[in-house]
Amino acid sequence: MNTALALIANSGIRASTMGTGLRRVLAELVDPSKKLQQAAYEAGVSMQELDPTKNSLESVLLNLGVVLQDTGVAFDLFGKRGAAVAITL
């Protein structure tokens with residue numbers, strides 16, 4: 001988690017945006033929407049691979065990166081603040 005926060009902070013994202021965005025991303029991963037499920041399916045990533053309760057944060061973020069190859073998907077899934085954080089990770 002510390003590495004993730006350092007990456008976000010070093011990208012120039014404000015602390016308030018960082019906290020809100022990270023919370024949004026993690027909440028979506030814990031309780032995935034149909035949009036995230038569809039995006040993961042289309043990217044060839046299983047929802048089990050995106051589950052932070054069953055995988056390391058590093059593994060989840062690597063798999064999330066595969067899902068978010070298109071930044072438009074990130075904005076659609078996580079909104080403005082969440083997308084900025086998700087893309088940075």
Side-chain angles (χ1 to χ4, degrees):
M1 182 62 88
N2 289 338
T3 303
L5 293 174
L7 282 171
I8 298 166
N10 287 338
S11 72
I13 296 175
R14 294 182 340 199
S16 63
T17 302
M18 177 174 51
T20 302
L22 190 56
R23 182 176 65 237
R24 174 74 194 258
V25 170
L26 292 175
E28 181 70 24
L29 291 171
V30 169
D31 186 20
S33 65
K34 296 236 185 255
K35 284 183 182 182
L36 176 56
Q37 293 174 25
Q38 183 64 33
Y41 174 79
E42 290 173 6
V45 176
S46 75
M47 290 310 299
Q48 289 182 352
E49 294 172 302
L50 293 175
D51 187 346
T53 65
K54 294 184 170 71
N55 300 287
S56 70
L57 184 59
E58 179 181 6
S59 174
V60 170
L61 294 177
L62 287 172
N63 288 315
L64 184 60
V66 173
V67 175
L68 302 179
Q69 292 294 318
D70 176 356
T71 56
V73 172
F75 282 93
D76 189 39
L77 293 174
F78 302 115
K80 183 179 177 182
R81 288 184 180 206
V85 169
I87 292 167
T88 302
L89 295 172

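Both backbone and side-chain heavy atoms feed into the values below; hydrogens, waters and symmetry mates do not. None of these values were measured; they are calculated from a predicted model.
- With sequence neighbours left out, Ser46 forms a side-chain hydrogen bond (donor to acceptor under 3.5 Å, both in side chains) with Glu49.
- Counting heavy atoms from C-beta on, the side chains of Val25 and Leu64 come closer than 4.5 Å.
- No more than 12 heavy atoms of other residues, nucleotides or ligands shown are found within 6.0 angstrom of CD on Gln48.
- When hydrophobic clusters are built by joining Ile, Leu, Val, Met, Phe, Trp and Tyr residues whose side-chain heavy atoms come closer than 4.5 Å, directly or via intermediates, Val73 is grouped together with Met47.
- Contacts classified as salt bridge (charged side-chain N to carboxylate O under 4.0 Å, His left out) and involving residues 26-47 (residues at least two apart or in different chains) are given here: Lys35-Asp76.
- By the side chain to side chain contact (heavy atoms under 4.5 Å, CB included) test, Ala27 pairs with no residue at all, sequence neighbours left out.
- The side chain to side chain contact (heavy atoms under 4.5 Å, CB included) test applied to Val30 returns Pro52, not counting sequence neighbours.
- The hydrophobic cluster containing Val66 also contains Leu68, counting ILVMFWY residues as joined when their side-chain heavy atoms lie under 4.5 angstrom apart, directly or transitively.
- Remark: Arg24 CZ to Leu29 CG distance equals 11.0 Å, nearest 0.5 Å.
- Through direct or indirect side-chain contacts shorter than 4.5 Å among Ile, Leu, Val, Met, Phe, Trp and Tyr, Phe75 is connected to Ile87.
- For residues 51-72, every residue pair satisfying the salt bridge (charged side-chain N to carboxylate O under 4.0 Å, His left out) rule, not counting sequence neighbours, is listed here: Asp51-Lys54.
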